[in-house]
Amino acid sequence: MKTETLERIIPDLVEANESTGSETLQLHLERYTFAKDHLEGGTVLDCACGVGYGSYLMADSGKVDQVIGVDIDAESVNYAKDRYKHEKTTFINSDGMKFTHDKKFDAITSLETIEHVPDPKAFIAHLKSLLKPGGLLIGSVPTTPSVDVNPHHISDFTKASFRKMFTDLGFEELDAQIQIQKFSLYKIIFKKEKRAQNIRKGLINYYLSHPDAFFKRIFATLRYGYANHYITIVWKLKG
C-alpha cells in the first residue's frame, strides 16, 4: 500500500509535524489505548479496522483472547494481514453493516466510523446484534463539523446527539474521552499537508448549495477556534 487518504492512515507513511499526519495518528492511537484499557478479555470485533494497527495494539496488550478486524477496503485488509499480523488477530474484508459472526462478541470497537455510514443508528443497532449482553461497545466521532470538508463523511454529531443514539438502543455509558486537535487554517485551505490534498474540492460551491453547513462551520469556529473536537465513549449493553 503506497498512498494515504483522509480516511486511511498508514503509520509507516504519515508525515511528522502535520495535524493531518502524525498528530491525527496519535489521536487514533490514544483512542485505541483508551479502548484497550477498558477491555476485560474474550473476543473483540474491531469494525472498520483500516490497516490494522489498532487491532494489533489491542491484541498485543495481553488483555484479550482474539481480535477480529473487519474493513470494507480489501487493500487495507491485505496490508493489515501482512504488516500487523499477530497470533491473536484475524482480518476480514467485509462491509461492517453486513458482517455477521457465529458467536457474540465480548467487546466491539468502531472508531471514527459512524460518521461515514448512511444510517448511523441502524449501524449501531447492527453492532448491538453482534454483542453479548453486558458487552462493551466503544465508538468515537468528531463533535465539530466535518461533513463540509471531508467528502467521505455523511453525518455531523454533537456530544448530545451521539449519546442519544446509544441510550435509545439500551446502552449505558461507562466512560468518555474528549480530544481536541488544533489545526492551521492556512495549511488546510492551501493544502500544505499531504493528507489535506483530499479535502472536499469546490468547498465554496458546497457552502453555496449547503448554507446550513456554512453556518455550522462559522458557529463552531466562533465557539472553538481552529480546532476539531472528538469524543470516544465506552458503552455497556444492558441485560
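Remember, it's a predicted structure, so these values are computed and weren't measured experimentally. Hydrogens, waters and symmetry mates play no part in the numbers below; they use all other heavy atoms, side chains included. FYI, the numbering just counts along the sequence from 1.
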Under 3.5 Å, is there a donor-acceptor pair between the side chain of [X] and the main chain of [Y]?
{"X": "Arg31", "Y": "Gln26", "answer": "no"}
{"X": "Thr158", "Y": "Ser161", "answer": "yes"}
{"X": "Ser110", "Y": "Cys47", "answer": "yes"}
{"X": "Ser76", "Y": "Ala74", "answer": "no"}
{"X": "Asp65", "Y": "Gly42", "answer": "yes"}
{"X": "Asp156", "Y": "Ser146", "answer": "yes"}

[X] and [Y]: same hydrophobic cluster, using ILVMFWY side-chain contacts below 4.5 Å?
{"X": "Leu45", "Y": "Val117", "answer": "yes"}
{"X": "Phe166", "Y": "Leu174", "answer": "no"}
{"X": "Ile108", "Y": "Ile92", "answer": "yes"}
{"X": "Phe105", "Y": "Val67", "answer": "no"}
{"X": "Phe162", "Y": "Ile178", "answer": "yes"}

So, taking the atom named [atom1] in [X] and the one named [atom2] in [Y], what distance separates them when rounded to the nearest 0.5 Å?
{"X": "Ser155", "Y": "Ile114", "atom1": "OG", "atom2": "CD1", "result": "10.0 Å"}
{"X": "Ile204", "Y": "Ser209", "atom1": "CD1", "atom2": "OG", "result": "12.0 Å"}
{"X": "Gln66", "Y": "Thr43", "atom1": "CD", "atom2": "OG1", "result": "5.0 Å"}
{"X": "Thr143", "Y": "Ile180", "atom1": "OG1", "atom2": "CD1", "result": "8.5 Å"}
{"X": "Asp37", "Y": "Met58", "atom1": "CG", "atom2": "CE", "result": "11.5 Å"}

Could you list the residues that satisfy salt bridge (Lys or Arg N to Asp or Glu O under 4.0 Å) with [X], not counting sequence neighbours?
{"X": "Glu30", "answer": "none"}
{"X": "Asp212", "answer": "none"}
{"X": "Lys159", "answer": "none"}
{"X": "Lys85", "answer": "none"}

Do you know the tightest heavy-atom contact between [X] and [Y]?
{"X": "Ala48", "Y": "Thr113", "value": "CB-OG1, 3.3 Å"}
{"X": "Pro118", "Y": "Ile154", "value": "N-CD1, 3.9 Å"}
{"X": "Phe91", "Y": "Cys49", "value": "CD2-SG, 3.9 Å"}

Any [X] side-chain heavy atom under 4.5 Å of [Y] side chain:
{"X": "Leu203", "Y": "Val149", "answer": "yes"}
{"X": "Ile199", "Y": "Asn150", "answer": "no"}
{"X": "Lys36", "Y": "Leu57", "answer": "yes"}
{"X": "Asp46", "Y": "Tyr32", "answer": "yes"}
{"X": "Val51", "Y": "Glu75", "answer": "no"}
{"X": "Phe171", "Y": "Thr167", "answer": "no"}
{"X": "Ile10", "Y": "Tyr53", "answer": "no"}
{"X": "Glu115", "Y": "Pro120", "answer": "no"}

Identify, with sequence neighbours excluded, every residue that meets side chain to side chain donor-acceptor pair (under 3.5 Å) alongside [X].
{"X": "Glu173", "answer": "Arg163"}
{"X": "Asp12", "answer": "Tyr79, Arg83"}
{"X": "Lys121", "answer": "Asp168"}
{"X": "Asn93", "answer": "none"}

task = Under the side-chain contact (heavy atoms from CB on, under 4.5 Å) rule, collect the residues that match up with Asp60, sequence neighbours excluded.
result =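 Tyr56, His86.
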
task = Give the intermediate values and the outcome of ring-ring contact (aromatic ring centres under 6.0 Å, His included) for residues His116 and His152.
result = CA-CA 6 Å; His116 294 265; His152 302 285; 7.1 Å; no

message = Can you classify the ring geometry of His210 versus Tyr206 as parallel (below 30°), tilted (30 to 60°) or perpendicular (above 60°)?
response =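 It falls in the parallel class, under 30°.
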
query = Does atom CG of Leu208 have more than 12 heavy-atom neighbours from other groups under 6.0 Å away?
reply =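 Atom CG in Leu208 is packed in, count exceeds 12.
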
With a cut-off of 3.5 Å and sequence neighbours excluded, list every side-chain donor-acceptor pair involving residues 94-102.
{"unit_1": "Asp95", "atom_1": "OD1", "unit_2": "Met97", "atom_2": "N", "d": "2.9"}
{"unit_1": "His101", "atom_1": "ND1", "unit_2": "Lys103", "atom_2": "N", "d": "3.3"}
{"unit_1": "His101", "atom_1": "ND1", "unit_2": "Lys103", "atom_2": "O", "d": "3.0"}

Return a table of donor-acceptor pairs under 3.5 angstrom between the side chains of residues 219-239 and protein atoms on other chains or two or more places apart.
{"unit_1": "Thr221", "atom_1": "OG1", "unit_2": "Arg217", "atom_2": "O", "d": "2.8"}
{"unit_1": "Tyr230", "atom_1": "OH", "unit_2": "Gln181", "atom_2": "OE1", "d": "3.1"}

ask   = Can Glu112 and Ser140 be said to form a side chain to side chain donor-acceptor pair (under 3.5 Å), step by step?
value = CA-CA 5 Å; Glu112 301 304 292; Ser140 71; 2.7 Å; yes

All N/O donor-acceptor pairs, side-chain side in residues 127-139, below 3.5 Å, sequence neighbours left out:
{"unit_1": "Lys128", "atom_1": "NZ", "unit_2": "Leu169", "atom_2": "O", "d": "2.6"}
{"unit_1": "Ser129", "atom_1": "OG", "unit_2": "His126", "atom_2": "O", "d": "2.5"}
{"unit_1": "Lys132", "atom_1": "NZ", "unit_2": "Asp106", "atom_2": "OD1", "d": "2.9"}

request  = Go through Tyr207 and Asp148 one step at a time and tell me if the side-chain contact (heavy atoms from CB on, under 4.5 Å) criterion holds.
outcome  = CA-CA 8 Å; Tyr207 283 139; Asp148 55 347; 2.5 Å; yes

